[in-house]
Each structure stands twice: as C-alpha cells, then as structure tokens.
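One structure below.
All of these numbers come straight from a predicted model, not from anything done at the bench. Just follow the structure's listing: the first ligand is 1, and inside any ligand the first atom is 1.
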Amino acid sequence: MRWSKTFIPTLKEDPSDAEIVSHRLMVRAGLMRKLTAGAYTYLPLGLRALKKAEQIVREEMDRAGAIEILMPALQPEELWAETNRINTFGPDLVKFTDRHGKTLILGPTHEEVVTDIVRNHISSHRQLPITLYQIQTKFRDEVRPRFGVLRSKEFIMKDAYSFNRDEKSVEESYQAMYRAYSRICERAGLPYVVVEAESGAIGGDVNHEFMVPCKVGEALVALCKCGYAANTERAGAGRPPKEAGAAPGAMKVVDTPGTATIKTVSEFLKIEPKRLIKTLIYVADGQPVAALVRGDHELSEGKLRAALGAAELGLADAATIEKATGAPVGFAGPVGLSVRLVVDHAVGAMAWGATGANKADAHIVNVVPGRDFKFAATADIHAAAEGDLCPKCPAVLDIRRGIEIGHIFKLGAKYSKAMNARFLDESGKEQIITMGCYGIGINRIVAAMIETSYDDKGIIWKPGLAPFDVEIVAVDVNDPEVRKAAEGLHDALAAAGVEVLYDDRDATPGFKFNDADLIGMPIRVTIGQRSLKKGGVEVKRRDSKESEIIPAAHAAERIVAMAEELKKLAQ
Ligand SMILES: Nc1ncnc2c1ncn2[C@@H]1O[C@H](COP(=O)(O)OP(=O)(O)O)[C@@H](O)[C@H]1O
Ligand SMILES: [Mg+2]
Ligand SMILES: [Zn+2]
C-alpha cells in the first residue's frame, strides 16, 4: 500500500481532549477521529488494527468450537421485559420509540436475543452444548465516556453465549472460553491477569475478568503473591486485628458546618479519613439499611448485596435518607440510628472514630464501635484497598489498576428460567438450560495494546495487531534509483504476502521518520542514497534501537523471513 494512495492523517500536536496515551496516539497516528463524545470513526490504519483484533478473536472462538452468528442491534422491549432487565439494567440502556409507538432497544448485550433463538430452536439434550457468538456493535449510554475507545457509547464486542445441560457441561464451556481468552491476550501481545470479579447487571455468580495491568485502568485489582487475584469490588479482605488504644476524650457532638463529604469533614476536624466512619444509607429489597465503612474505604455494592442476601439494592434517595436519619445527605451516623446496621470488619476493628450526628452540619467524635452503637457481627463490605490482608494467606494485598478487556460469566438459569428455555433429557423429562456468557471488547484490545506498548515517539505495535508488518521509507522519492529500489521491494514483499506500507510522499526524511515512529509498524525499511551506497537497505525493528544494512539482492527474502518470525509470535 502506498501512503499517497491511502488516508493516514497524522498530527504533530496532541489532541486537547486526550487524557491518556492510547487515546492521544490513536488520534495523532491517524488511526481514528472522534465524532462526538463516545463515538469514533476508524480511519484505514485503525480499521486494519481493529480487523486484526477481530480476526484473532474469531479464530480463537472457532478453535474453541463456538459458532458465529450475527444478531441485530435493534431489540424489542418485550424481550427485556421477560427478564425484567428493562427495569434493572439502568440508564446505560439506549432505547427509543419507533413511528408506531413501539419501544426498541439498541443492544448493550444480547442474552435475551440469543436465548430467544435457542428456546425456539433447541429442544433436545442432543443439541447441547452449543456456544453461539457474534462480533457486533453495542450501545451503552455511559455516564462518562472517556479515554477514547476504551470507554465509548458505541463499541464492538465479541459476545458469546453457551447453552448447557448442567453445571458440569457449563464448566467445560467456561474453561474453553477461559483458554480462548488467554490465547487472545497472548496473540494480541497484551500483558494480562485473570481475576475473580463482580457480575454487575449481567447476573450470575462465578465470573472472571481478563485485565491488562496499567496505570490508567479504570478497574482496581487485588493481587497476592499466593496467586489470589480478584477485582477489588469482589476481593475478600481478611479481618484486621482489633486496634489498640482508646478514644482521646468523651464522645461529643461538634458543629461541622458545610462538611458533607469525607474530605471536608476530615479537614475540618483535622482527623485522617481512616478515623471516620462513613455511613451510607441503602435500600435493600425495600428496606433502608445503613452500611458502615471506614472513611478511606469504598463500599462494594456487590459485597453489601451478598452480606444482606438482597435481590435488589440501591443507594437511598435524599428523601429516604432524611426520613431514616433525620438529617440531610452527608451527616448520617450509626449512633442512635434505628435502621439495620451492616458494619464492615475494618469499622468493627476501630478503637474509636468520628461519624455523622444525624443532624445537619454536625458530627460526633470519640465514638467507640460496640459501645456507642451495637452490632452482633461485622461483614466484609468494602472494596479491597491498600493495606488489606489477603483472604487466602497472611500477606498484604497488592492493589493495582487495570483495563478490563474481557469478562466471562457462568449465568446459571437466570435467563433461561425467566425466558423458559428448556430441553428434554434422555428420559424425556423437561429441564431448564444452564448458560454462560463471555464478552471481549474489540476496540479495547487495540487501545490496551497501545496503552502498554509505546515510547515518546509513538506506538510500538505488537505483531498480532500491527496494521502493517513493514513500512518502507523512501528517503527521496525524486531520486529514480531510490524510487526504483523502494517500489521493487514493496512489490516483492507484497507478492510474498507481507503487509507493507510504502511511504512514497515527497517530504523531508525527518518528517517521514517521525511519522514512521509515530505509527510504529514492527519493521521499518529505509531506502536512500546513503543506504544504497552502503550496499543495500537499512532495516530496523520498532522495538529496537539497532538497525542493519541488508544487501539489496537479499532484502526481500530477509525481510519476509523477519516478518514471518514476528508473526509467529501472534499465532
Ligand atoms: N463502554 C465501553 N467501551 C468499550 N468497550 C467496552 C465498553 N463496555 C464494555 N466494553 C467491553 O466489553 C467487554 C464485556 O462487557 P461487560 O463485562 O458487559 O461490560 P462492563 O464490565 O462494562 O459491564 C468488556 O470487558 C470490555 O472489553
Ligand atoms: Mg465486565
Ligand atoms: Zn495471598
């Protein structure tokens, strides 16, 4: 491919709205452009990378025995009513009313649609297990679309769904997907860890996330040297020892005007956030509850839900909070509160602390848990944090950021039961199908690779996702000898099946080298009078500082071999 015949609008300057490296580089290297918040146009280089990611995913799904289909993004609301997700999915759901007054959903995920297909066309144990997958555009009205294509409102996902007769069979399908996802990460050149995770709106219990550790990741993971790895929302935190010491004075109410947040109250009272008892009012299955976590900790809704055994759980609204505590939002506390308390282990271990006084602009200091508010037991309800103990061994957990690339779930009968997807077993008895679902973000694979492989000059493509294997830079295209050599090499490489980009633009060498580093193809070949005088072409890998001169006569053959070797890493 000649640069002059394609469309690669590289930029010298960083886009002003890009907060992270991958976003900045994907725009600067001409891979994509933003249309509006959360929606991007892929330009030729970006599209090639996206197709590479898609192809790796497709090959691994096929290898695992999954069967490709394509479902519509448009989904009727009735299907979502059958599972009640029309009410529970939340504001991310994109829907609209068509001209006939019918509500249609733009699918954020496809459990209902695929289960509908299966219940209509699968009826016998002989047809199970089956795993169906698609690679398709999803829509989610994300609150905060950001970080370029890492979190957008429209994105491409590979979603697979397994239909199984029993727990043993779903375990086999799950393991096959686990292996496939591991291979996908390896072939795409992504460093990754697999962690136990929370299931969120999808449902189900056993589930794992494939995470790429990286400082801009939006997810937090807790890792331990014993091998334990979990999303902090899920990670069990060991019970800390009871703190020694006593409150420095008697319990008393103090005025704390305008301090409705942990930060403001901690500054006002001059005490560390970890000395504060944060009191969050939730509504669990219709009843208000007060969840207590330390001021420096975040509550994990998943853990709270598990501790309560609640089916439905959500933060209480301002009116419910006022009714339960007698105070406006931000001043709740456990002392004298009459709603049910759920006390985190770390709060139970505090010798003393400060908390809201259930009165506007007031807090109580020198509160002693157990003395000033009673509880029978404590529970693990905070998201694992720095300093927490591993639940499996005595070590302290290592908390890191990560990008969630893929997520696999065992769903059990959640959807099949609600939608009545059954099969007949050998004895002719009707049984409910058991399911698993498995998602991986195609755009995210590309962005996460860039986020973990770049230098100050630009992207360093891993061979599996590189838009081209080789870029040829002709130093001076107006020199007939140089042009002939460059074109000859381009044609020879292309004929041998190497994906080659030839920078044939009439521009200065410095400009072209900068662009070559910015777009970052794995192998760069420079051809100019200088290299020809040295007897050939200069070859340099993007991930190395060294270059070598290869005699013109062997150049094609040697570069084909190099490209093939790199590609092997991605097979
Ligand atoms: N807003 C988004 N933008 C880009 N990719 C996304 C987005 N939401 C989800 N994905 C991708 O789809 C995969 C499966 O999604 P899922 O686990 O349902 O999402 P979430 O964890 O956000 O609820 C994610 O691991 C991620 O790679
Ligand atoms: Mg997920
Ligand atoms: Zn451990």
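A salt bridge does not link E59 to R183: none of the charged nitrogens lies less than 4.0 Å from a carboxylate oxygen. At a threshold of 4.0 Å, the pair D344-R294 does not count as salt-bridged, since none of the basic side-chain nitrogens sits closer than that to a carboxylate oxygen.
Of all the atoms in ligand 1, the ones that sit under 4.0 Å from a non-hydrogen atom of G406 are 25 (O). Atom numbering of ligand 1 starts at 1 in the shown order; those under 4.0 Å from a heavy atom of V149 are 4 (C). Numbered from 1 in the order shown, with element, the atoms of ligand 1 that lie under 4.0 Å from a heavy atom of S152 read 1 (N), 2 (C), 3 (N). Near H407, meaning under 4.0 Å from any of its heavy atoms, are these atoms of ligand 1: 17 (O).
Inclusion of G439 in the set of residues having an N or O under 3.5 Å from an N or O of ligand 1 is not warranted. Residue-to-ligand polar distances keep M157 apart from ligand 1: every N/O pair is separated by 3.5 Å or more.
A side-chain donor from one of Q75 and H110 sits under 3.5 Å from a side-chain acceptor of the other. Under the 3.5 Å distance criterion, with hydrogens and angles disregarded, a donor-acceptor pair is assigned to the side chains of D159 and Q134.
For H208 and Y178, the ring centers sit closer than 6.0 Å to each other.
Remark: distances from the non-hydrogen atoms of I445 to ligand 1 are all 4.0 Å or more.
No part of N443 comes within 4.0 Å of ligand 1, judged by heavy-atom distances. Contact annotation: for I405 versus ligand 1, heavy atoms closer than 4.0 Å belong to the backbone alone.
In the displayed structure, K51 atom NZ is contacted under 6.0 Å by at most 12 heavy atoms of other residues, nucleotides or ligands. Atom CD of E312 has 12 or fewer neighbouring heavy atoms from other residues, nucleotides or ligands inside a 6.0 Å radius. Atom CD of E19 sits in a crowded spot, with more than 12 heavy atoms from other residues, nucleotides or ligands closer than 6.0 Å. Residue E298 qualifies as open at atom CD: its count of foreign heavy atoms under 6.0 Å is 12 or below.
The Zn ion (ligand 3) is the vertex of the angle joining SG of C390 and SG of C393, which measures 110° to the nearest 10°.
Protein N/O/S atoms closer than 2.8 Å to the Mg ion (ligand 2), listed by chain and residue number, are E404 OE2, H407 ND1.
Ranked by closest heavy atom to atom 19 (O) of ligand 1, the top entry among R144, R140, E404 is R140.
The cationic atom of K138 (NZ for Lys, CZ for Arg) does not lie both less than 6.0 Å from the six-membered ring centre of F155 and within 45° of the ring axis.
Annotation: side chain of L299 is in contact with side chain of E301 (closest heavy-atom distance under 4.5 Å).
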